[in-house]
Amino acid sequence: MNEFDKISAAANFIRSQVLASPRVAVILGTGLGGLVSDLSVKSTIQYEKIPYFPVSTVESHKGRLVVGSIGEKDVFVLQGRFHIYEGYTAREVAFPVRVLHALGVETLIISNACGGMNPLYRRGDIMVIDDHINLLGDNPLIGPNDERLGPRFPDMSEPYSRKLISLAEAAALSNGIRLQRGVYVAVAGPNLETRAEYRFLRTIGADVVGMSTVPECIVARHQGMDVLGLSIITDECFPDALQPVRLEDVLESAAMAEPHLTTIVREVVSNLVV
Ligand code: HPA
């Protein structure tokens, strides 16, 4: 079966299970599953049930599609995402974004945990992604291009919507949340970086480094969706004072910042004109 038909099959299945038709979707990253407790949940579908959906292998990622509402607006929440380091291709990682678009989603909010390399950033800070660098060594658009999904050479002059960045900044400001704004570089992982790698990544213009988000953003832009990226800085990656990072610390920082992230997402969604 070709990819277009797989996308349609997955979308049709979800449509058969869900009454709402959200225009907004949120992808939750490492340790950020709690946003769901802020939703009024209408239905939940395990990823395994959705035809052709990949299955999440990381323990801190749950693996279900939640349909709920934030205020007046219906949203899809992908609780659990897929990574290159699990063995998926970038195309597979971004498959759920194809399905969301087929379901009518026009705005995609992507969250993640990342390491902060900008010396002004602190663990627990949130950064709105202004731009990205793809060092995954893969791209979800490699292979034949289906013109029904998007163009062969999509533009990347505004990967993250300026309008959504402004909404996020306004939400942060009105709630007294410090919001950084910067460049996210994606690497395959799964190991964290060496000191020399952090130095290199900082030098090429990145403020934070992580192992996700970029495949989903590229596919969303390929289809003309608006993207907002929000990163939680879970560890400080300063090469001259580098401390070992433990997964517990990453999850703890994500938990610390989560209420702030939730506030920003809630306000952005409420203020969206869709
Ligand atoms: N590097 C890459 N990915 C990450 C990091 C990091 O330091 N912290 C959380 N995700």
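Throughout, residue positions are numbered sequentially from 1 according to the sequence presented. For ligands, and for the atoms within them, numbers begin at 1 and follow the listed sequence.
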Participant: Would you say the side chains of Asn112 and Thr213 form a donor-acceptor pair under 3.5 Å?
Facilitator: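 Yes, because at least one side-chain N or O of Asn112 sits under 3.5 Å from a partner of the opposite role on Thr213.
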Participant: If the plane angle is over 60° it's perpendicular, under 30° parallel, otherwise tilted; pick one for Tyr88 and Phe82.
Facilitator: perpendicular
Participant: Is ligand 1 under 4.0 Å from a heavy atom in the side chain of Leu192, in the backbone, in both, or in neither?
Facilitator: side chain
Participant: Please identify which atoms of ligand 1 are closer than 4.0 Å to at least one heavy atom of Thr234.
Facilitator: 8 (N), 9 (C)
Participant: Around atom 1 (N) of ligand 1, find the nearest protein heavy atom and jot down its residue, atom name and distance.
Facilitator: Glu193 OE1, 2.6 Å
Participant: Salt-bridged, Asp249 to Arg246, with N to O below 4.0 Å?
Facilitator: yes
Participant: Can you check whether Tyr184 and Tyr160 have ring centres sitting under 6.0 Å from each other?
Facilitator: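 No.
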Participant: Below a 4.0 angstrom heavy-atom separation, can you tell me which part of Cys114, side chain or backbone, both or neither, approaches ligand 1?
Facilitator: backbone
Participant: Are Arg162 and Asp130 ion-paired here, with the side-chain N under 4.0 Å from a carboxylate O?
Facilitator: no
Participant: Would you tell me which option among Gly210, Pro190, Ser212 has the nearest heavy-atom contact to atom 3 (N) of ligand 1?
Facilitator: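 The option holding the nearest heavy atom is Gly210.
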Participant: Heavy atoms, side chains only, cut-off 4.5 Å: are Glu216 and Val93 in contact?
Facilitator: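 Answer yes - side chains close enough.
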Participant: Out of all atoms in ligand 1, which are within 4.0 Å of some heavy atom of Cys237? Include the element for each.
Facilitator: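 Once the distances to Cys237 are compared, the set is 7 (O).
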Participant: Which of the atoms in ligand 1, numbered in the order shown and given with their element, are less than 4.0 Å from a heavy-atom of Met211?
Facilitator: 2 (C), 3 (N)
Participant: Quick one: nearest non-hydrogen protein atom to atom 5 (C) of ligand 1, plus distance?
Facilitator: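 Looking only at protein heavy atoms, the one closest to atom 5 (C) of ligand 1 is Gly115 N, 3.4 Å.
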Participant: Decide, yes or no, whether a salt bridge links Arg123 with Glu252 under the criterion of side-chain N to carboxylate O below 4.0 Å.
Facilitator: yes
Participant: Under 4.0 Å from ligand 1, counting heavy atoms only, is it the side chain of Tyr85, its backbone, both or neither?
Facilitator: neither
Participant: Just to confirm my output: which protein heavy-atom neighbour is closest to atom 4 (C) of ligand 1, and how far is it?
Facilitator: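 For atom 4 (C) of ligand 1, the nearest protein heavy atom is Val209 O, 3.7 Å.
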Participant: Is the closest basic N to carboxylate O distance between Arg199 and Asp240 below 4.0 Å?
Facilitator: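 A salt bridge links Arg199 with Asp240.
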Participant: Specify the protein heavy atom at minimum distance from atom 8 (N) of ligand 1: its residue, its atom name, and the distance to 0.1 Å.
Facilitator: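 Here the closest protein heavy atom is Asp235 OD1, 2.6 Å.
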